[in-house]
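Encoded as structure tokens, the structure appears first; notes follow it.
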Amino acid sequence: MDQLNNREQQEFQQLVEQKQMKDFMRLYSSLVQRCFTDCVNDFTSKALSSREESCLEKCSEKFLKHSERVGQRFQEQNAALMQKR
Amino acid sequence: MSFLGLGGQNPNGPSNPQKLLAAEAELDMVTDMFNRLVESCHEKCIKADYSSGDLNANEGLCLDRCVAKYFDVNTKVGEVSMRGADGNYGLEDTANTVHAEAWKQRILHGPTLNVKYVHRIKVHEIVRLTMVYLAPWHFN
């Protein structure tokens, strides 16, 4: 298949931007669910405890570092696959 | 300039909806695979005790291997699927031949089918930058 021409690239870029937003929303709510499940288990108070707060901080920070690292490796593997072709 | 598709395409010509659909399908596929990868390797490599916000050395190593293996599994599953009696487990008989064709392409070309459209799109960068924009408190 051919490369996209200028107009197609523009339209594709718009598509990418719409999907980015959707993907961010998906990632964000899944991160909330993950950290809520892993960090919040005590319902004797309606406020987050300092222990829960610190867990949440680490949980979300760690997940972002995790997805960044997986992203780097993903690109490397992808590039290697393309070279094989 | 080209006429009737001869001599290459016009860089300023009208857009071809079919090509855009193919590019979109590919973008969806790559994004989907990336999201599954993030999910699977998090489950396998990251403990939920969260004593630190950093990845430790073991977790980092585990993630690197996890991604490499995920790609290998992808290739392996593709090879096995191609090994049917007539080479593709009778996919030709499928009523929806378009679907069968897509599946064959998927097997033949792996997760990066026609990557030329999307190889510059860095999924994690996109997500990270969007997060910095929408959820800056994570980065302070």
Side-chain angles (χ1 to χ4, degrees), chain A residues 1-28 30-32 34-35 37-39 51-52 54-85, chain B residues 8-16 19-20 22-24 27-28 30-31 33-35 37-39 41-42 45-46 48-55 59-60 63-64 66-68 70-71 75 109-112 114-119 121-128 130-131 134-135 138-139:
Chain A
M1 240 184 279
D2 297 319
Q3 296 282 8
L4 302 179
N5 68 25
N6 291 345
R7 183 166 308 175
E8 286 162 349
Q9 275 178 29
Q10 265 179 16
E11 289 179 27
F12 185 60
Q13 198 51 44
Q14 280 178 1
L15 197 71
V16 168
E17 275 157 31
Q18 289 164 11
K19 283 183 190 268
Q20 264 171 238
M21 183 52 79
K22 234 174 142 177
D23 200 48
F24 166 74
M25 293 308 192
R26 193 203 51 77
L27 177 117
Y28 192 78
S30 84
L31 184 55
V32 169
R34 179 192 315 278
C35 295
T37 307
D38 289 347
C39 293
R51 187 195 169 87
E52 286 167 340
S54 128
C55 179
L56 290 171
E57 179 107 1
K58 288 168 185 158
C59 173
S60 37
E61 198 187 328
K62 199 166 193 169
F63 179 82
L64 295 173
K65 287 179 180 162
H66 156 76
S67 73
E68 195 179 349
R69 182 152 182 154
V70 171
Q72 284 164 356
R73 297 292 98 80
F74 182 85
Q75 278 176 261
E76 290 164 11
Q77 294 284 340
N78 225 9
L81 257 184
M82 279 177 66
Q83 289 219 315
K84 265 196 249 167
R85 247 166 252 171
Chain B
Q9 62 176 338
N10 178 358
N12 296 311
S15 68
N16 176 345
K19 262 168 80 177
L20 276 167
E24 181 180 2
L27 175 64
D28 287 344
V30 173
T31 309
M33 179 175 171
F34 178 73
N35 289 335
L37 194 58
V38 168
E39 205 52 49
C41 294
H42 192 278
C45 295
I46 311 290
D49 62 6
Y50 302 122
S51 48
S52 153
D54 290 316
L55 300 170
E59 289 168 331
L63 287 178
D64 296 349
C66 181
V67 176
Y70 200 93
F71 272 78
T75 309
H109 298 291
T112 53
N114 288 322
V115 238
K116 63 181 101 159
Y117 293 134
V118 289
H119 70 277
I121 295 164
K122 303 176 175 178
V123 187
H124 75 288
E125 260 307 281
I126 288 165
V127 169
R128 197 182 66 81
T130 323
M131 285 204 77
L134 276 178
H138 283 304
F139 298 87

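Here is the naming used below: chain letters follow the sequence lines, and residue numbers restart at 1 for every chain. Basis for what follows: all heavy atoms, side chains included, without hydrogens, waters or symmetry-related copies.
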Is it true that A:Lys65 and B:Asp54 have a side-chain N and a carboxylate O under 4.0 angstrom from each other? yes

In Å and rounded to the nearest 0.5 Å, what is the CZ to OH distance from A:Phe74 to B:Tyr70? 9.5 Å

With a 4.5 Å cut-off on heavy-atom pairs, point out which of A:His66, A:Arg73, A:Glu76 contacts chain B the most. A:His66

If the threshold is 4.0 Å, N to carboxylate O, is there a salt bridge linking B:Glu59 and A:Lys62? yes

Atom pair CG/CG of B:Leu55 and A:Leu64 - distance to nearest 0.5 Å: 10.5 Å

What orientation do B:His42 and A:Phe63 show, parallel under 30°, tilted 30 to 60°, or perpendicular over 60°? tilted

Heavy-atom side-chain proximity of A:Arg69 to B:Val67 below 4.5 angstrom: no

Looking at A:Glu8 and B:Ser15, what are the two nearest heavy atoms and their distance? CG-CB, 3.4 Å

Supply the atom-to-atom distance A:Arg7 CZ to B:Leu20 CG, rounded to the nearest 0.5 angstrom. 11.0 Å

Taking every heavy atom of B:Phe34 against every heavy atom of A:Ser67, the minimum-distance pair comes out as CZ-O, 3.9 Å

Looking only at B:Gly60, B:Ala48, B:Cys41, the option with the highest number of non-hydrogen pairs under 4.5 Å against chain A is B:Gly60

Pairwise distance OG(A:Ser54) to OH(B:Tyr50) - rounded to 0.5 angstrom: 12.5 Å

Structural part of A:Cys35 lying under 4.5 Å from a heavy atom of chain B: neither

Side chains of B:Asn16 and A:Asn5, donor plus acceptor under 3.5 Å: no

From A:Glu68 atom CD to B:Leu63 atom CG, the distance as rounded to the nearest 0.5 Å: 12.0 Å

So B:Asn35 and A:Asp23, side chain to side chain contact (heavy atoms under 4.5 Å, CB included) or not? Walk me through it. CA-CA 9 Å; B:Asn35 289 335; A:Asp23 200 48; 3.1 Å; yes

SB check A:Arg34 B:Glu39 (cutoff 4.0 Å): yes

